J.: 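Got a structure for you, questions after.
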Amino acid sequence: MEPVIATLGLTKRYRGGQLAVDGLDLVVPRGSVFGFLGPNGSGKTTTIRMLMGLIEPTSGTARVLGEAMPGAGRRVLPRVGALIEGPALYGFLSGRDNLVRFDAADPTADPRTRAARVEGALDRVGLAGAAGKKARAYSLGMKQRLGLASALLRPRELLVLDEPTNGLDPQGMREIRSLVRQLASDGTTVFLSSHLLDEIEQVCTHAAVMAQGRLLTQGTVADLASSVRGRLAVTTPDTADAVRVLKEHGVIDLVVTDDRVTGELPAAGPPDLADVNAALVRADVRVRAFGTQRASLEDAFVALTGEGFDVAG
Amino acid sequence: MSQAETAAAVRAPSPLWGLSLLRSEVGTTFRRWRTLALLGVLAAVPVLVGIAVKVETRGGGSGGHDGGGPAFISQVTNNGLFLVFTALAATLPFFLPMAVGVIAGDSIAGEASAGTLRYLLVAPAGRTRLLLAKFATAMLFCLVAAFVVAASALAVGALLFPLGDVTLISGTTISLGEGLLRAALIAVVVAMSLMGVAALGLFVSTLTNSGIAAMATTVGLLITVQILDQFPQLHAIQPYLFPHYWLSFADLLRDPVYWDQMLRNLGLQALYAAVFGSAAWARFTARDVTV
């Protein structure tokens with residue numbers, strides 16, 4: 001099955017000479033919830049703008065829903081809902097009239113079903129009650145919801161959501177996440193950019209990581225997380241003995257913090273954890289807790305970028 | 001994949017649906033307070049001119065001094081219909097093109113600075129279609145603005161002065177009905193005279209992401225060109241300046257009508273629309289939208 005998004009060597013160099021996106025080869029499988037990760041300034045938004053035909057690539061190609069962008073925008077974009085770099089609204093129009101305007105801009109949208117579709121979209125993001133209010137009176141969270149509603153005006157094959165939970169309170173974030181899951185279960189592919197790692201981990205099936213304009217990795221979230229091996233953690237008052245025993249069993253990179261010893265299991269021929277535990281007990285190490293910590297996407301990210309989640313310079 | 005199936009099940013798009021954007025554009029433009037304020041200012045000009053003429057002529061009878069003030073002002077006291085021609089002649093050099101400059105200058109740049117441009121484009125409005133809708137709306141604004149001035153002037157003229165048969169510049173007299181028809185025709189010609197400014201404003205609007213900058217630049221260019229049109233030393237280039245033949249609409253008040261200057265005016269406006277319209281299109285369709 002053809003991927004929903006496929007780029008080949010996609011590159012954007014701005015007029016000032018700054019290389020924003022550098023040879024991106026991105027593949028977003030159909031039906032996935034795809035997390036697009038990277039620090040601010042890593043080229044995520046430039047990539048999204050190229051995919052949506054707003055920016056012309058300097059070189060390389062981008063195919064969306066099987067057709068080349070930006071050339072096929074007229075056929076592709078009606079099947080795509082997008083929220084790009086936050087919502088933008090007409091302050092002097094009501095929330096409802098904002099949606100009517102964006103829908104009217106789509107030449108393939110049926111005017112006869114417009115009113116019903118607008119109400120449906122407002123309902124879906126929980127804005128039905130505030131639809132008559134002027135958009136300039138909306139809070140950031142409400143604007144964000146209205147932006148999402150405009151992406152949901154029609155059934156879409158692909159949703160591109162750039163930081164969709166920005167400005168929302170925890171309750172709103174939860175609602176958006178469940179909305180994304182619901183859309184995905186309907187068969188919509190969701191391309192979700194975020195700098196919130198736990199958000200990606202909670203809703204995404206696939207992820208890609210960008211830094212400084214380059215794609216560091218892409219794959220399923222499970223594969224990404226498992227690419228960073230989990231660490232063995234032992235909680236014990238006898239840390240010195242524990243370190244000795246663990247070292248004998250080939251555990252490397254041992255770190256002691258208070259009553260906790262953590263270390264990395266060797267990649268080649270890792271010892272059976274049951275044996276390690278038995279050895280600790282035989283050596284009179286009093287073990288309070290024993291187990292491996294699952295690597296999170298954040299660990300994967302830090303391992304990949306070698307840095308924290310900071311703004312690229 | 002139920003979503004995709006639903007998408008395929010809806011009716012095939014009709015070419016008429018594409019007109020939704022134009023309708024939305026017109027609705028959005030004429031619902032803005034700014035647009036209504038501009039029209040309000042334009043409607044106020046004939047009121048001021050009418051009152052001024054009334055006050056001026058109250059003591060001295062028939063106005064006396066000819067030659068001062070806008071065209072036709074001396075005839076207003078005899079026939080209120082002439083206030084329509086006076087008001088159009090008074091607003092055409094500055095008020096009308098300034099209002100058009102604001103609307104056209106803001107058209108693309110205003111959407112860009114609000115960020116709504118990207119959402120219109122991914123809708124997808126289509127760059128050429130959006131530009132055409134913007135230009136059509138600006139031209140509609142020209143027409144509405146000219147008719148607002150004319151209607152306001154007609155109302156004030158009828159209220160303050162007598163109405164009656166119209167004596168044309170050529171000396172012939174026509175009925176009030178025909179006079180009204182000519183007034184309407186003049187309003188249309190005035191609106192078309194503003195096509196050059198509208199196209200210029202649209203082009204400037206594609207150059208920047210600031211609505212205010214685009215409006216200011218367009219109005220600034222308008223004033224500059226108006227000044228250049230005054231210098232006798234520049235008479236060689238003046239026939240190519242868009243305001244040069246603006247006041248030729250007065251030739252519609254002759255019997256028979258002199259078409260020569262008016263056709264030249266309309267040709268010049270069409271030339272400006274073609275040149276700056278193409279420039280706007282070339283710029284807008286090739287530009288990266290980064291806001």
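Computed from a predicted structure; not experimentally measured. As a basis for the values below, the full set of heavy atoms in this structure was taken, side chains included, without hydrogen atoms, waters or symmetry mates. Per chain, numbering begins at 1; letters A, B, ... match sequence-line order.
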J.: Any ion pair linking B:Arg127 and A:Glu56 (charged N to carboxylate O, less than 4.0 Å)?
T.: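 Here A:Glu56 does not pair with B:Arg127 in a salt bridge, since their nearest N and O are not under 4.0 Å apart.
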J.: For the salt bridge (charged side-chain N to carboxylate O under 4.0 Å, His left out) test, which of A:Arg15, A:Lys12, A:Arg13 pairs with B:Asp288?
T.: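 In the set A:Arg15, A:Lys12, A:Arg13, the residue that makes a salt bridge (charged side-chain N to carboxylate O under 4.0 Å, His left out) with B:Asp288 is A:Lys12.
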J.: Mind listing the closest non-hydrogen atom pair of B:Leu121 and A:Leu77 along with its distance?
T.: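 Scanning both residues completely, I find the closest heavy atoms to be O-CD1, 3.7 Å.
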J.: Could you walk me through whether B:Val289 and A:Ile55 pass the side-chain contact (heavy atoms from CB on, under 4.5 Å) test, one step at a time?
T.: CA-CA 6 Å; B:Val289 176; A:Ile55 292 181; 5.8 Å; no
J.: A:Leu93 and B:Arg31: which non-hydrogen atoms are nearest, and at how many Å?
T.: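 That would be CD2-NH2, 3.6 Å.
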J.: Looking only at heavy atoms, which two atoms of A:Ala105 and B:Leu120 are closest? And how far apart?
T.: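 That would be CB-CD2, 3.8 Å.
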J.: Taking all atoms of both residues into account, what is the closest heavy-atom pair of A:Gly86 and B:Tyr119, and its distance?
T.: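 Heavy atoms of A:Gly86 and B:Tyr119 come nearest at O-OH, 2.6 Å.
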J.: Is B:Glu111 close to chain A through its backbone or its side chain, or both, or neither, when contacts mean heavy atoms under 4.5 Å?
T.: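 Interface part for B:Glu111: side chain.
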J.: Report, as yes or no, whether the 6.0 Å neighbourhood of atom CZ on B:Phe95 holds more than 12 heavy atoms from other residues, nucleotides or ligands.
T.: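 Open: at most 12 neighbouring heavy atoms sit under 6.0 Å from CZ of B:Phe95.
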J.: Taking atom CZ of A:Arg74 as the centre, report whether more than 12 heavy atoms of other residues, nucleotides or ligands fall under 6.0 Å from it.
T.: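 At most 12 heavy atoms, drawn from other residues, nucleotides or ligands, come within 6.0 Å of this atom.
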J.: Please determine, among A:Leu54, A:Leu153, A:Thr45, A:Asn98, the option with the most heavy-atom pairs under 4.5 Å with chain B.
T.: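 Result: the option with the highest number of such pairs is A:Leu54.
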J.: Examine whether an atom of B:Arg287 lies under 4.5 Å from a heavy atom of chain A, and if so say whether it belongs to the side chain, the backbone or both; otherwise answer neither.
T.: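 Answer is backbone: N, CA, C or O of B:Arg287 sit under 4.5 Å from chain A.
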J.: Specify the closest pair of heavy atoms between A:Asp106 and B:Pro124, including all atoms of both residues, with the distance to one decimal.
T.: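 Where A:Asp106 meets B:Pro124 most closely, the heavy atoms are OD1-CD, 3.7 Å.
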J.: Quick one, A:Glu85 with B:Arg118, criterion salt bridge (Lys or Arg N to Asp or Glu O under 4.0 Å). Give me CA distance, side-chain angles, the key distance, then yes/no.
T.: CA-CA 10 Å; A:Glu85 252 189 309; B:Arg118 63 175 183 267; 5.2 Å; no
J.: Has B:Ile212 got more than 12 heavy atoms of other residues, nucleotides or ligands less than 6.0 Å from its CD1?
T.: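 Atom CD1 in B:Ile212 is not packed in, count stays at 12 or less.
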